[in-house]
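Okay, structure first, notes after.
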Amino acid sequence: MTSLEEYMDMFLQQYPFDLLTEDEFTLLTVGAEIKEFKENEFLFHEDQHSDSIEIHFLVSGLAKNIMHRDSGKQIPIRFYYPSDLIGIMIILSSGEMQFSVQALEDCQTICFNKDHFMTVMNQNTKFSKVVLDEISNLMKSLYQEVKYKSNDDDQSGDVELYTKRVDKFMETPIFINPNATIKEAASLIQVRELEGLIVSKDNTQMDGLISYSEIIDACIEGKQDYPVCEFMKTDHFSVTAQTFIYDALTFLKHHPTSIIPVFHRTKVVGFLRQSSFFTINDSIYFDTSYKISIARSLYELKQLSPIHNKTFQQFVTDLITDGMLGYDICELITNLNDKIHRQVIQLAEEEMQQEGYGPPQINYCFIVMGSGGRKEQGFSTDQDNGLILANYHHLEDAPKIEDYFAKFSHKINYMLEQCGFPLCTGGIMAKEAKWRKTLGQWESDLVDWIKKMDAEEIRDFTIFTDFRPISGDYALAYQLRGKLTTKMQNSLHLQQLLMKDTLRFKVPLHPFGRMIGIGKNRGLNLKKSAIMQIVNAIRIYAIKNGLDTINTISRLQELTAQERYHHRDKENAKMALHRLLTFRLEQNLKELKSNQPLGNSISMYELSKEEKRKLRESLNVAKRLQQVLELSYNRNRVV
């Protein structure tokens with residue numbers, strides 16, 4: 001192993017260290033030490049106080065910089081290679097920048113005394129300029145990467161926004177002539193209480209926009225009597241009347257003092273501003289999401305969870321009345337549940353630190369499975385979750401790390417229970433060792449699991465199959481997903497077991513179409529009788545064709561795009577799933593209103609003639625899917 005003295009002799013000859021005087025170089029070496037980090041160890045974590053961050057010079061190995069998003073997702077931003085300085089950016093920003101640095105392979109660094117390093121930078125302007133220029137270039141690079149990598153599908157969960165269009169919320173356009181004065185524009189903005197005006201010669205075609213900021217700039221320059229056209233903006237964001245409001249809201253979130261012109265072809269037909277959306281029902285969803293993000297106690301989170309939040313329940317009722325698709329509403333509910341899970345995980349991490357365990361020493365990924373993984377949750381849902389841990393058994397602190405995550409996962413599961421998510425009666429939870437493993441263990445156990453699968457284990461495996469990451473290092477989940485997809489596609493034995501398990505529950509329809517109810521109320525279990533028939537059948541098609549998507553509707557879309565599924569059958573399955581999930585949501589809302597236990601059954605006596613028709617058609621679709629699977633199974637082949 002190279003000694004510190006040998007490294008320092010080498011540095012003395014290299015740029016930019018050769019810019020230092022002998023005294024400065026000596027000061028830099030005082031207190032410096034060689035440090036080693038094993039694969040997956042953190043050099044430092046975002047939860048550390050900035051005062052404890054050290055400056056490292058990477059001698060060997062590879063490390064990555066991780067940005068932690070409010071959503072719980074971790075995004076790798078950049079890599080560090082030998083000769084890179086690590087930590088200086090956080091120190092210079094006084095902790096304003098927060099991220100972690102993790103070893104991707106065994107790393108060796110020289111850790112400088114922070115005070116000595118900063119003293120040398122203050123004394124030697126040439127040396128500090130080299131360091132600061134490098135940081136400046138890195139910041140530009142980071143900005144572009146953060147901008148790109150933050151724009152991902154993880155934030156596309158607010159599905160109700162995609163069902164509403166701009167024309168329902170736009171206001172009548174307010175125009176001003178380009179030759180009008182700045183003073184006139186200011187007066188009009190004040191009287192009409194606007195954020196800006198649309199500049200137009202004919203009140204139809206748009207020449208530009210003028211807002212408060214441009215008017216203030218003109219007034220500061222003493223140009224109140226100048227024409228508006230000299231200060232208007234011609235480069236502006238705009239939408240069409242049929243644009244989904246999500247795009248407009250996204251812009252206004254970051255430009256709250258702006259207005260957005262709305263076009264029909266080349267004609268201005270309206271405008272949008274933040275207040276345009278004040279009356280939108282979806283504000284209930286936004287408000288609930290915000291309250292979850294700032295909740296600091298389990299009691300607060302419990303009151304905000306779907307089964308306890310009466311306001312949100314009314315919101316869902318309104319969405320059903322408005323004709324929103326049942327599977328879109330379920331995705332919306334799942335997204336809200338995800339937010340609660342992430343907040344619980346954050347509270348659990350903080351509690352672990354308060355109890356003296358510190359932050360996690362390795363990366364982890366919290367996954368949800370079953371209906372939560374597919375984003376098809378209703379009001380009645382328990383916990384199906386697990387943890388994927390970065391490989392750590394090669395580390396000296398392996399027993400300590402194992403103990404940390406055992407305690408951490410117990411906290412999460414019991415905190416979720418307090419927030420309204422019952423513990424899984426089948427034990428499919430992160431606190432159980434079977435569902436809390438390193439990536440390497442998951443991958444190796446996967447092979448044995450699939451090879452030795454029996455009828456008893458197939459149900460657990462079916463739930464696991466639809467896992468999805470919701471917090472932590474998503475790369476761990478994506479890597480496991482890739483392995484799982486390949487293994488399942490290549491296992492005929494597994495696909496046959498999945499089909500056999502699906503066929504255990506028959507769709508309750510007589511040959512001539514009469515629905516079969518149970519008991520005095522002619523009850524019908526929507527989940528076992530039809531929903532799972534559709535979900536399971538589509539899953540088997542997806543597995544056979546090597547798809548790694550999880551959501552049932554997304555699977556249908558991809559299968560159809562690949563011509564593995566007929567367009568008509570896709571639409572039938574989507575409509576059936578929409579109706580069945582809507583029936584279940586309506587039943588759960590009735591149960592919540594009357595303080596009854598939540599379930600999956602409905603009474604056919606309570607259905608109208610039209611509702612019975614829709615239910616019968618949905619059951620027919622489920623039965624058709626089941627018949628195709630049964631035919632394939634009996635022929636001892638896979639569909």
Side-chain angles (χ1 to χ4, degrees), residues 35 37-38 40-54 56 63-76 86-87 89-91 93-103 111 114 292-302 338-367 383 385-392 395-419 421 429-431 433 436 438 469-474 476:
K35 288 196 173 184
F37 298 89
K38 298 282 188 182
N40 289 328
E41 270 193 289
F42 285 105
L43 278 71
F44 53 80
H45 194 276
E46 73 147 1
D47 290 333
Q48 288 179 238
H49 192 277
S50 59
D51 290 344
S52 68
I53 301 297
E54 299 171 315
H56 296 267
K64 70 175 176 179
N65 179 303
I66 304 167
M67 181 180 73
H68 300 257
R69 290 179 57 177
D70 292 339
S71 66
K73 184 175 182 178
Q74 296 176 3
I75 301 177
I86 304 172
M89 195 155 49
I90 292 179
I91 291 169
S93 68
S94 301
E96 291 296 320
M97 299 187 65
Q98 290 294 313
F99 50 76
S100 303
V101 175
Q102 181 189 32
C111 182
K114 180 167 51 180
I292 290 172
S293 70
I294 62 172
R296 304 305 304 160
S297 72
L298 297 180
Y299 176 77
E300 290 176 89
L301 289 173
K302 177 180 179 180
D338 286 354
K339 295 175 193 294
I340 294 173
H341 278 60
R342 292 183 187 116
Q343 198 67 6
V344 163
I345 292 167
Q346 181 62 38
L347 292 175
E349 269 201 33
E350 291 173 5
E351 196 170 289
M352 291 291 287
Q353 293 196 55
Q354 292 166 6
E355 294 175 2
Y357 294 102
Q361 288 183 255
I362 60 167
N363 261 4
Y364 69 87
C365 184
F366 191 87
I367 58 174
Q383 294 186 49
N385 51 54
L387 273 178
I388 307 172
L389 309 174
N391 296 324
Y392 67 85
L395 302 177
E396 292 181 7
D397 287 342
K400 180 181 174 183
I401 293 171
E402 187 169 339
D403 181 62
Y404 177 96
F405 282 101
K407 291 182 170 65
F408 181 49
S409 57
H410 271 75
K411 281 186 184 294
I412 293 172
N413 287 143
Y414 286 112
M415 283 180 168
L416 286 172
E417 183 188 28
Q418 292 178 61
C419 291
F421 302 94
M429 290 174 289
K431 70 184 183 68
R436 184 186 69 251
T438 65
I470 64 166
S471 183
D473 185 359
Y474 283 33
L476 294 170

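The shown structure was predicted, so the numbers you read here are calculated from the model rather than taken from an experiment.
No side-chain heavy atom of Q361 sits under 4.5 Å from any side-chain heavy atom of Y392. Considering only heavy atoms from C-beta on, D473 stays 4.5 Å or farther from I66 through its side chain. Residues F421 and I340 meet the side-chain proximity criterion, which asks for heavy atoms closer than 4.5 Å. Contact of the M352 side chain with the Y404 side chain is registered, since non-hydrogen atoms from C-beta on lie closer than 4.5 Å. Side-chain contact between I470 and N385 is absent, with no heavy-atom pair separated by less than 4.5 Å.
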Between Q343 and R296, is the side chain to side chain contact (heavy atoms under 4.5 Å, CB included) condition met? List the steps. CA-CA 8 Å; Q343 198 67 6; R296 304 305 304 160; 3.8 Å; yes
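Between N363 and L476 the shortest heavy-atom distance is O-CD1, 4.1 Å. When all heavy atoms of M429 and N413 are compared, the pair lying nearest together is CB-OD1, 3.5 Å. In terms of heavy atoms, S409 sits closest to L387 at CB-CD1, 4.0 Å.
Between I292 atom CD1 and H341 atom NE2 the span is 11.5 Å, to the nearest 0.5 Å. Taking NZ of K302 as the start and CG of L416 as the end, the distance is 13.5 Å to the nearest 0.5 Å. Between the CG atom in L298 and the OH atom in Y414 there is a gap of 14.5 Å [rounded to 0.5 Å].
A donor-acceptor pair is defined here as one N or O able to donate and one able to accept, closer than 3.5 Å; no such pair exists between the side chain of E46 and the backbone of S100.
Here E349 pairs with Y364 under the side chain to side chain donor-acceptor pair (under 3.5 Å) rule; sequence neighbours left out. K400 meets the salt bridge (Lys or Arg N to Asp or Glu O under 4.0 Å) test with no other residue; sequence neighbours excluded. Qualifying salt bridge (Lys or Arg N to Asp or Glu O under 4.0 Å) partners for K411, counting only residues two or more places apart in sequence or in other chains: E351, E355.
The aromatic rings of F405 and F408 sit perpendicular, their planes meeting at an angle over 60°, well past the 30° parallel limit.
The environment of K64 atom NZ is dense: over 12 non-hydrogen atoms of other residues, nucleotides or ligands sit within 6.0 angstrom.
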